[in-house]
**Student:** 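The structure is given below, and queries will be raised subsequently.
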Amino acid sequence: MHWPTTAAEAIAVQEELRHQVDATDHGPAPRFVAGLDVAYDGDRLAAAVVVLEWDGLNEVDRAVVPGRTTFPYVPGLFAFREVPALLAALDQLTTPPDLLVCDGFGIAHPRRFGLASHLGVLTGIPAIGVAKTAFVGTLLEPGTARGSTADLVLDGEVVGAAVRTQHGVKPVYVSVGHRISLPTAIAHVLHLAPHYRLPETTRAADHLCRRALTAEPKNG
DNA sequence: GCGACAG
DNA sequence: ATCTTGTCGC
C-alpha cells in the first residue's frame with residue numbers, strides 16, 4: 001500500500017488496518033524497551049528511538065534520522081506525520097526492541113487506530129501509547145497517589161486510562177497500541193516512570209531528537 | 001451549528 | 001510541536 005497523501009486516503013488506511021490490532025498480552029515482560037519521539041523545526045524534523053534495558057533502564061542503543069515533513073498535523077491523522085521517519089529510525093537499531101513506547105495514543109482514537117497502534121501493526125512489535133493530554137473520550141480524575149488510575153471511556157468502551165505516575169503530578173494517558181493488554185500497559189508505564197511524570201523512554205527519545213535537530217545543519 | 005482537538 | 005524568564009520547592 002502506498003503512503004497516503006490526503007486525509008481521505010489516510011482515513012481509509014486506518015479503517016483497513018484497525019482490525020489487525022491485538023489488545024492481548026504476548027510473552028513475559030520485555031527486555032529491551034524503545035522510546036520514540038520526533039522534533040520539528042519548520043519543514044525539518046528529527047526522529048529518534050532510544051532503547052533501554054528493562055532492568056535498570058540503562059540505554060543500550062539509539063538511532064536518529066533527519067527528515068522533512070510530508071504530512072500536516074491533523075488531529076486523528078497524527079501517525080501519518082511521524083510514522084515514516086520513526087520506521088526509518090527503528091531500522092537503524094542494532095538491538096531490536098520488544099516494546100515500543102510512543103508519544104500519543106493507541107486505540108484511544110476516533111477510529112481506534114492512533115500512532116501506537118499504527119507502529120505496532122506495521123512492525124508487529126508490542127506497542128503502548130503514552131500521551132500528555134487527552135484527545136478523545138471522557139475520564140475521571142485518578143487518585144493523587146502514584147499508581148492511581150481512572151478509565152478513559154469512548155463510546156461506552158474503555159479505551160485507555162489516566163495514570164498518575166508520580167504523587168501529585170498531572171496524569172499521563174495510557175492506551176493499548178498493539179499486542180498488549182491495558183493492565184499490562186499501565187504496569188509497564190509505571191515501571192518506566194520511577195522518578196518523573198513521563199517514562200524514561202519518552203524522556204530519552206525527546207532529548208535525543210531535540211538535540212539532533214539543533215545540531216543539524218540549517219539545510220539538512 | 002460551535003468548539004475542541006495526540007504532537 | 002513551538003514561542004519563552006523568572007521563580008518556587010526539594
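It should be emphasised that the depicted structure is a prediction, and the values quoted were computed from it without experimental measurement. Note on naming: letters A, B, ... go to the chains in the order of the sequence lines (proteins, then strands), and numbering restarts at 1 for each one.
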**Student:** Walk along nucleotides 1-7 of chain B from 5' to 3' and tag each nucleotide B, S or - by protein heavy-atom contact under 4.0 Å, base first, then sugar-phosphate.
**Tutor:** ----SBB

**Student:** Apply side-chain hydrogen bond (donor to acceptor under 3.5 Å, both in side chains) to A:Thr123 and list each qualifying residue two or more places apart in sequence or on a separate chain.
**Tutor:**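 A:Thr123 satisfies side-chain hydrogen bond (donor to acceptor under 3.5 Å, both in side chains) with no other residue.
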
**Student:** Not counting sequence neighbours, which residues clear side-chain hydrogen bond (donor to acceptor under 3.5 Å, both in side chains) with A:Arg81? List them please.
**Tutor:**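 A:Arg81: no side-chain hydrogen bond (donor to acceptor under 3.5 Å, both in side chains) contacts found.
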
**Student:** What salt bridge (charged side-chain N to carboxylate O under 4.0 Å, His left out) pairs are there with at least one residue in residues 107-131 of chain A, not counting sequence neighbours?
**Tutor:**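 Checked against salt bridge (charged side-chain N to carboxylate O under 4.0 Å, His left out) - neighbours excluded - the pairs reaching residues 107-131 of chain A are A:Arg112-A:Asp155, A:Arg112-A:Glu157.
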
**Student:** Let me confirm one number: the CD1-CG distance from A:Ile128 to A:Leu100, rounded to the nearest 0.5 Å.
**Tutor:**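 If we round to the nearest 0.5 Å, A:Ile128:CD1 and A:Leu100:CG are 9.0 Å apart.
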
**Student:** Output a table of donor-acceptor pairs, distance under 3.5 Å, between side-chain atoms of residues 28-40 of chain A and any protein atom two or more places apart or on a different chain; print 'none' if there are none.
**Tutor:**
unit_1, atom_1, unit_2, atom_2, d
A:Arg31, NE, A:Glu53, OE2, 3.3
A:Arg31, NH2, A:Glu53, OE2, 3.2
A:Tyr40, OH, A:Glu82, OE2, 2.8

**Student:** Taking C-beta and beyond as the side chain, do A:Arg44 and A:Leu213 meet within less than 4.5 Å on heavy atoms?
**Tutor:**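 They are in contact (side-chain heavy atoms under 4.5 Å apart), so the answer is yes.
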
**Student:** So where does chain A start and stop touching DNA chain C, 5' to 3', when the test is distance under 4.0 Å to a non-hydrogen atom?
**Tutor:**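 On DNA chain C, the outermost contacted nucleotides are C:dA1 to C:dT2.
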
**Student:** Compare every heavy atom of A:Ser117 with every heavy atom of A:Val176, then report the nearest pair and how far apart it is.
**Tutor:**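 So the minimum-distance heavy-atom pair works out to O-OG, 3.7 Å.
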
**Student:** Would you say that A:Val21 contacts A:Val121 through its side chain, given a criterion of any heavy-atom pair below 4.5 Å between the two side chains?
**Tutor:**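 Result yes, sub-4.5 Å side-chain heavy-atom pair found.
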
**Student:** Tell me every residue that passes side-chain hydrogen bond (donor to acceptor under 3.5 Å, both in side chains) with A:Glu15, counting only those two or more places apart in sequence or in another chain.
**Tutor:**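 A:Arg18.
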
**Student:** Report the secondary structure of DNA chain C in dot-bracket form, marking unpaired bases with a dot and bases paired to a different strand with |, and treating Watson-Crick or G-U pairs with both distances under 3.5 Å as paired.
**Tutor:** ..........

**Student:** Measuring only between side-chain heavy atoms, which start at C-beta, is A:Pro110 closer than 4.5 Å to A:Phe135?
**Tutor:**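 Result yes, sub-4.5 Å side-chain heavy-atom pair found.
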
**Student:** So which of residues 173-192 of chain A are in contact with DNA chain B, with a heavy-atom cut-off of under 4.0 Å?
**Tutor:**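 Residues of residues 173-192 of chain A that come under 4.0 Å of DNA chain B do not exist, since none gets that close.
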
**Student:** Convert the base pairs of DNA chain B into dot-bracket notation, remembering that pairs crossing earlier ones are written with [ ] and that bases paired across to another strand are shown as |; include only Watson-Crick or G-U pairs under 3.5 Å.
**Tutor:** .......

**Student:** Less than 4.5 Å apart, any side-chain heavy atom of A:Leu190 and any of A:Val163?
**Tutor:**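 Yes, side chains in contact.
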
**Student:** Look at the side chain of A:Glu200 and the backbone N and O of A:Leu192, then say whether any donor-acceptor pair between them is shorter than 3.5 Å.
**Tutor:**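 Judged by distance alone, no pair lies under 3.5 Å.
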
**Student:** Any salt bridge (charged side-chain N to carboxylate O under 4.0 Å, His left out) involving residues 94-105 of chain A? Give me the pairs, sequence neighbours left out, ordered by first then second residue.
**Tutor:**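 Residue pairs passing salt bridge (charged side-chain N to carboxylate O under 4.0 Å, His left out), neighbours aside: A:Asp103-A:Lys132.
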
**Student:** Please identify each residue that fulfils ring-ring contact (aromatic ring centres under 6.0 Å, His included) with A:His118, with sequence neighbours left out.
**Tutor:**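 With neighbours one apart ignored, the set is A:Trp3, A:Phe80, A:Phe113.
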
**Student:** Regarding A:Thr69 and A:Asp43, is there a side-chain donor-to-acceptor distance under 3.5 Å anywhere?
**Tutor:**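 No, no side-chain donor-acceptor pair sits under 3.5 Å.
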
